[in-house]
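Convention: sequence-line order gives letters A, B, ...; per-chain numbering from 1.
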Amino acid sequence: MIQITALREQTEEYIARLSKRGIPAEQMVHDILDLDRTVRECKQETENLQAESNRLAKEIGVLFREGKRDEADVLKARTSELKDALKDKEQELRTAEEALEQAMLNLPNAPHAGVPNGRSAEDNEVVYTWGTAAQFDFEAQPHWELAKRFNLIDFELGVKITGAGFPVYTGKGARLQRALINFFLDEARTEGFIEIQPPILVNEDSGYGTGQLPDKEGQMYHATADNLYLIPTAEVPITNIYRDVILDADALPIKNAGYTPCFRREAGSYGKDVRGLNRLHQFDKVEIVQIAHPDLSYAVLEEMQQYVQSLLQKLGLHYRVLKLCAGDMGFTSALTYDMEVYSAAQERWLEVSSVSNFESFQANRLKLRYRDENGKPRLAHTLNGSALALPRIVAALLENNQKADEIVMPEVLVPYLGFDRITL
RNA sequence: GGAGAGGUGGCAGAGUGGUCGAAUGCGGCGGUCUUGAAAACCGUUGAGGGUUAAACCUCCGGGGGUUCGAAUCCCUCCCUCUCCGCCA
């Protein structure tokens, strides 16, 4: 949620920024400010009534102690009128507050000035490209063929045990998963991230904190018996560590990294690009999260973005960096970089990481604050990114490094793998 | 799964109907003392809203109720801990 005070004080600026998303920002913001005024008026009147009623109650208390029952009874009569008025006002206030809350929840984050204009993925800006596409003197196979031929991943077995989108990794396929996870975690630690191993089921409060609830409810698996949700990303439990927390300024930036399996129902996205590892219900990911001082969050974003690139370079993967346009950016983000690796056999780019600065949008809901120079609590900025999501990395590694009858592993992974190639 | 205890300020922990936003201790901050530090002593120290500043309002797990008045009484939900059973 955007801070209401910011919206009040920098109305025109926010309208301009929000308009980039192609939404009726002017209307939405003015509606919100109208509701805000109503709420504030109502609150003022309610508080006046409460103050009056508190005053009378105290007076009655004094009269009782002095034994002046009759005088007390007179005052009591007056309080009953007050109570009725108060009840009405409170109801009115609650209605207005709910409307405001709803309107605020529907307002996406304001794109940063550097975000390109545009409506769809076509308008994303390619800011950097690294490496070249692998060339083959034979017919390159897509990863699902390779996975089968080299006995690395069994998709049918996953269907038997659970359902589509839950692959079973076997032998060197399983070892490759484990190697990548360890490699990513070690790299993150070297970069100064503290490793976290969080729960992968979260409660409702956490879902609200990072914004999966209420609107994206259908995207998470829900364990109804206990009202817990399987996490769609480690961002949820890790960021919620800092929900309702006031940090010391010198604790910033906080850098956390964690590996977790991720679960996504992907409701409504069947039939499109779902072959093999391209889109799964369960997958592995190492996520990096930072809590930063507002003045430094964009420097932190660049640092994180560069860090993710360094991983892709070490793995030797041909990739490109996109700055997402306003229309393609997630609801909660102010600026997002996507990293895409080239899949040589599918001949398309696959998203493997998304690095975002949410500014105070998440922090506002989380009540994640730090103390400024004057000791006053202020909202911090949150950032996160995948570093990295495994399935599409695996897809690209298998496809790009395939030879006629073997698959060569990148050198950095060999110590983790215990082998340097996958053979028939 | 069975039985019990409990949720109060950064932490510990008092408080069972009125002047309690809340004793006390620890921690934090400021000061006195000291060459410096420790100790000791003095002061100060929750969050949100509101105001130029104040007044004022809200918050003692969540929600509802009783009452002129609720941290305190009632209902309900949630959570935590302890013991027993089962179990990785």
Side-chain angles (χ1 to χ4, degrees), chain A residues 1-9 32-33 35-101 103-104 197-209 213-214 222-229 237 240-252 254 261 291 360 362-380:
Chain A
M1 267 196 298
I2 294 180
Q3 295 177 75
I4 187 75
T5 47
L7 230 40
R8 281 202 289 259
E9 285 158 20
I32 284 170
L33 291 178
L35 282 167
D36 179 48
R37 252 186 303 278
T38 309
V39 166
R40 283 145 65 84
E41 279 166 19
C42 264
K43 190 173 266 177
Q44 195 50 248
E45 291 169 39
T46 305
E47 286 183 1
N48 288 342
L49 291 171
Q50 281 169 332
E52 176 69 7
S53 146
N54 287 344
R55 224 201 69 232
L56 284 174
K58 269 183 193 163
E59 238 172 273
I60 290 169
V62 172
L63 290 173
F64 262 110
R65 235 189 330 281
E66 293 171 352
K68 301 176 181 167
R69 277 206 90 96
D70 295 348
E71 290 181 45
D73 285 339
V74 174
L75 289 184
K76 270 197 196 178
R78 266 177 63 196
T79 58
S80 72
E81 299 166 37
L82 259 183
K83 266 179 100 176
D84 289 343
L86 188 57
K87 209 165 243 173
D88 289 350
K89 258 303 159 214
E90 277 175 342
Q91 185 53 49
E92 198 182 322
L93 175 62
R94 200 167 315 155
T95 307
E97 276 178 337
E98 274 163 21
L100 178 60
E101 170 85 2
M104 288 299 286
Q197 206 176 100
I200 59 177
L201 280 162
V202 295
N203 60 27
E204 257 184 328
D205 285 347
S206 294
Y208 279 99
L213 297 175
H222 188 190
T224 51
D226 298 287
N227 198 26
L228 296 172
Y229 294 87
N240 270 286
I241 292 173
Y242 306 99
R243 167 157 51 85
D244 285 320
V245 166
I246 302 177
L247 297 157
D248 288 329
D250 58 16
L252 302 176
I254 285 180
I291 317 289
S360 59
Q362 282 186 330
N364 193 23
R365 269 216 233 182
L366 289 161
K367 294 194 175 60
L368 194 189
R369 293 165 291 176
Y370 71 97
R371 287 192 193 282
D372 68 11
E373 320 71 62
N374 304 316
K376 287 269 174 274
R378 284 183 60 195
L379 292 178

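- Taking atom CG of A:Leu247 as the reference point, atom P of B:G10 lies 14 Å away to the nearest angstrom.
- Spacing of C1' atoms, B:G15 relative to B:G64, comes out at 25 Å, to the nearest Å.
- More than 12 heavy atoms of other residues, nucleotides or ligands shown are found within 6.0 angstrom of CD on A:Gln91.
- Rounded to an integer number of Å, the gap from A:Leu56 CG to B:G18 C1' is 14 Å.
- B:A53 makes up no base pair with any nucleotide shown, lacking Watson-Crick or G-U wobble contacts both under 3.5 Å.
- Of the nucleotides present, none pairs with B:A37 by Watson-Crick or G-U wobble criteria with both distances under 3.5 Å.
- Here A:Asn54 reaches the OP1 or OP2 of B:C57: one of its side-chain N or O atoms lies under 4.0 Å away.
- Using modelled atom types, no side-chain atom of A:Arg371 and backbone atom of A:Ile246 make a donor-acceptor pair closer than 3.5 Å.
- For A:Lys76 and B:U66, the NZ to C1' distance is 13 Å, given to the nearest whole Å.
- Among the nucleotides B:C68, B:U58, B:G49, the one closest to any side-chain atom of A:Thr79 is B:C68.
- Here, B:C68 and B:G13 have their C1' atoms 33 Å apart, quoted to the whole Å.
- A:Glu97 places its CD atom 12 Å from the C1' atom of B:G48, with the value rounded to the nearest Å.
- If you check B:A3 for Watson-Crick or wobble pairing at under 3.5 angstrom, you find it paired to B:U82.
- With a cut-off of 3.5 Å on both Watson-Crick or G-U wobble distances, the partner of B:G43 is given as B:C29.
- The side chain of A:Arg8 has B:G50 as its nearest neighbour among B:G50, B:C68, B:A47.
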- Message: Does A:Leu86 form a side-chain contact (heavy atoms from CB on, under 4.5 Å) with A:Thr46? I'd like the steps, not just the answer.
- Response: CA-CA 6 Å; A:Leu86 188 57; A:Thr46 305; 3.9 Å; yes
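- Both A:Ala51 and A:Pro377 lie near RNA chain B, and the one whose nearest nucleotide falls closer to the 5' end is A:Pro377.
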- Taking it one step at a time, do A:Leu368 and A:Gln362 satisfy side-chain contact (heavy atoms from CB on, under 4.5 Å)? CA-CA 8 Å; A:Leu368 194 189; A:Gln362 282 186 330; over 6 Å; no
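- The CD atom of A:Glu41 sits 10.0 Å away from atom CG of A:Asp36, with the distance rounded to the nearest 0.5 Å.
- Atom pair A:Gln44:CD and B:A55:C1' shows a separation of 11 Å (rounding to whole Å applied).
- Using a distance-only test at 3.5 Å, with no hydrogens or angles considered, no donor-acceptor pair links the side chain of A:Ser53 to the main chain of A:Leu49.
- Separating the C1' atom of B:G9 from that of B:A22 is a span of 9 Å, rounded to the nearest Å.
- OP1 or OP2 of B:A47 sits under 4.0 Å from a side-chain N or O of A:Arg371.
- When the P atom of B:C68 is taken as reference, atom CG of A:Leu86 falls 14 Å away, rounded to whole Å.
- Applying the Watson-Crick and G-U wobble criteria (two distances, each under 3.5 Å), B:C60 pairs with nothing in any strand.
- Between the P atom of B:C57 and the CG atom of A:Leu82 lies a distance of 13 Å, rounded to the nearest Å.
- Look at A:Glu92 and A:Lys89 and you find a salt bridge, because one of the NZ, NE, NH1 or NH2 atoms lies within 4.0 Å of a carboxylate O, short of that distance.
- Between B:G50 and A:Arg40, a contact under 4.0 Å exists linking OP1 or OP2 to a side-chain N or O.
- If you check B:U67, B:U51, B:U58 against the side chain of A:Lys83, the one that comes closest is B:U67.
- Nucleotides B:U58 and B:C41 are separated by 38 Å at their C1' atoms, to the nearest Å.
- Protein atom CG of A:Asp226 is 17 Å distant from nucleotide atom P of B:C77, rounded to whole Å.
- Using a 4.0 Å heavy-atom cutoff across all strands shown, A:Asn48 reaches no nucleic acid atom at all.
- Residue contacts shown for A:Ile60 include a base, since a base heavy atom lies under 4.0 Å away.
- Nucleotides B:U67 and B:A14, compared at atom P, are 32 Å apart to the nearest Å.
- For a distance-only test at 3.5 Å, the side chain of A:Glu47 qualifies as a donor-acceptor partner of the base of B:G49.
- Checked for salt-bridge contact, A:Arg55 and A:Glu52 meet the test: a charged N lies under 4.0 Å from a carboxylate O.
- Comparing B:C77 with B:C87, their C1' atoms sit 29 Å apart, to the nearest whole Å.
- When each of B:U58, B:G48, B:G18 is scored by its nearest atom to the side-chain atoms of A:Arg369, the top-ranked nucleotide is B:G48.
- Pair check for B:A23 finds none; no Watson-Crick or G-U wobble contact set falls under 3.5 Å.
- The C1' atoms of B:C33 and B:C42 are separated by 11 Å, rounded to the nearest whole Å.
- Annotation: B:C11 and B:G46 have their P atoms spaced 14 Å apart (nearest Å).
- Toward the 5' end of RNA chain B, the nearer of the two residues A:Gly61 and A:Thr46, judged by each one's closest nucleotide, is A:Gly61.
- Comparing B:C57, B:G64, B:C68 by their nearest atom to the side chain of A:Arg94 picks out B:G64.
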